[in-house]
There are 2 protein chains.
Amino acid sequence: MSHNTAEINRRLREAGYRVTPQRQLILDAVCKLGKHVSPDAVYEVVRRNTPSLSRATVYRTLHFLTEQRILAMVQMSDGRVAYEVAGPEPHHHLVCRTCDSYLELPHSVLRTFRQRMESQYDFEVDVSHVSFFGHCNDCRDTAGA
Amino acid sequence: MSHNTAEINRRLREAGYRVTPQRQLILDAVCKLGKHVSPDAVYEVVRRNTPSLSRATVYRTLHFLTEQRILAMVQMSDGRVAYEVAGPEPHHHLVCRTCDSYLELPHSVLRTFRQRMESQYDFEVDVSHVSFFGHCNDCRDTAGA
DNA sequence: ATATTAGTTGCGACAATTTGCAATAACCAA
DNA sequence: TTGGTTATTGCAAATTGTCGCAACTAATAT
Ligand SMILES: [Mn+2]
Ligand SMILES: [Mn+2]
Ligand SMILES: [Zn+2]
Ligand SMILES: [Zn+2]
């Protein structure tokens, strides 16, 4: 997934945030590294360019860009999180507990569920990048339970 | 939720595990502290009784008791996990991102979703104690998005 | 009771992530 | 340009959680 730098910078400034070299480097790194990137992988890439860039900034910026819906956060099966550039439409994940592979689901699979929670419980479910855990076709036989 | 000590101890021993004072203290602490207890809260309680009991043992035991289905693990909105005594039937949670309150859902709400993932993607979703995040009725107005 | 055995614990080191705070620098207005 | 305001960064310390390993002890048999 790629990203439109000019458009993003405009959005950030309009909301009162600043466009810093760190933020641009980190976003570029996630973009280049592809899907489901770990904070540490991002850190390793950006430090090649800017060794002074700190780990704290990587974590903070990944959170920040996720809040701005420029990135999306994905729960992995071991409890850690990964990031990816957010597309125009959110999607969901089926993450295998055994081999850590994942399938991506269209946004639509949770539409009726969301509506049901809304009407029955007055609860507005955030149906953006939800992860479900379990076992993929290859791992079902070998994995217990 | 309470627990039947004698029955649990029998089950553990039968499976080749041991009933230790640490495990009993930790289980009692979760039970006494109520629902959705953090590892640190458990640690604070048990160390009053047994100061030598280590943090590592708390984490290991909470994992262990979850594997044995004596406890259940719940994802909280900040990514951390909490524990509760597992009832006879699993249930799910609607966790509010703003106030951290939660609603409990019956196990059945994911039955059709699970079947759909099974038939469409050959993926076996683990539908035990799933957390969904969003905003509760009280927080919907105040919270952005 | 005593000994044997293997599951469990505590410790310390380590890895991962968060946070407070002073220094910095992006943005904007003049 | 220049200067002021304040969001952001880097650093270091604090949290949070994991791991290897030697010492310990619960369970079982003798
Ligand atoms: Mn994805
Ligand atoms: Mn619950
Ligand atoms: Zn798999
Ligand atoms: Zn709420």
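In what follows, every chain begins at residue 1, and chains take the letters A, B, ... in the order their sequences are listed.
- Of the candidate nucleotides C/dT17, C/dG10, D/dG17, C/dG10 has the atom nearest to the side chain of B/Leu53.
- For C/dG10, the OP1/OP2 oxygens have a side-chain nitrogen or oxygen of B/Gln22 closer than 4.0 Å.
- With D/dT9, D/dA26, C/dT9 as the choices, the nucleotide that has an atom nearest any side-chain atom of B/Arg18 turns out to be D/dA26.
- For B/Thr20 and D/dT25, the shortest distance from a side-chain N or O to OP1 or OP2 is not below 4.0 Å.
- We find that CG of A/Leu62 is positioned 15 Å from C1' of D/dT9, with the value rounded to whole Å.
- Distances were taken from every side-chain heavy atom of B/Arg23 (C-beta onward) to each of C/dT9, D/dG17, C/dT19; the shortest belongs to C/dT9.
- Each of B/Pro51 and B/Tyr17 lies near DNA chain C, and the nucleotide nearest B/Tyr17 is the one positioned closer to the 5' end.
- The ring-ring contact (aromatic ring centres under 6.0 Å, His included) with B/His107 is formed by just one residue from the set B/His93, B/His129, B/His92; it is B/His92.
- Rounded to an integer number of Å, the gap from CD of A/Gln24 to P of D/dT9 is 11 Å.
- The distance between atom CE of A/Met73 and atom P of C/dT17, rounded to the nearest whole Å, is 11 Å.
- Under 4.0 angstrom from either OP1 or OP2 of C/dT9 there lies no side-chain N or O belonging to B/Thr57.
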Evaluation steps, salt bridge (Lys or Arg N to Asp or Glu O under 4.0 Å), between A/Glu7 and A/Arg10
CA-CA 5 Å; A/Glu7 157 69 8; A/Arg10 192 191 57 70; 3.3 Å; yes
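- Of all nucleotides listed (C/dG10, C/dG7, D/dT16), C/dG10 comes nearest to the side chain of B/Ser54.
- Ring orientation note: the planes of B/Tyr102 and B/His36 are close to parallel, at an angle under 30° on the 30°/60° scale.
- Cluster membership for A/Met117 and B/Val95, using ILVMFWY side-chain heavy atoms within less than 4.5 angstrom, is not shared.
- Across the protein-nucleic acid pair, A/Asn9 atom CG and C/dC27 atom C1' stand 13 Å apart, rounded to whole Å.
- A/Gly79 comes within contact range of no nucleotide atom at all, as no heavy-atom separation falls under 4.0 Å.
- Atom CG of B/Leu12 is separated from atom P of D/dA26 by 15 Å (rounded to the nearest Å).
- In this structure, the nucleotide among C/dT19, D/dC21, D/dA27 sitting nearest to the side chain of B/Arg60 is D/dC21.
- The side chain of A/Arg13 lies closest to C/dC27 when the candidates are D/dA27, C/dC27, C/dC11.
- Nearest heavy-atom pair, B/His135 versus B/Arg140, reported as atom, atom and distance to 0.1 Å: O-CG, 3.7 Å.
- At a threshold of 4.5 Å between non-hydrogen side-chain atoms, the residues A/Val85 and A/Leu71 count as touching.
- Taking side-chain N and O atoms only, A/Tyr59 has no distance below 4.0 Å to OP1 or OP2 of C/dT18.
- Between B/Arg55 atom CZ and D/dC19 atom P the separation is 17 Å, expressed in whole Å.
- In this entry the distance linking CG of B/Leu25 with C1' of D/dA26 reads 16 Å, nearest Å.
- In this structure, the nucleotide among D/dT9, D/dG17, D/dA27 sitting nearest to the side chain of B/Arg80 is D/dG17.
- Between the CD atom of B/Glu14 and the P atom of D/dA27 there is a distance of 14 Å, rounded to whole Å.
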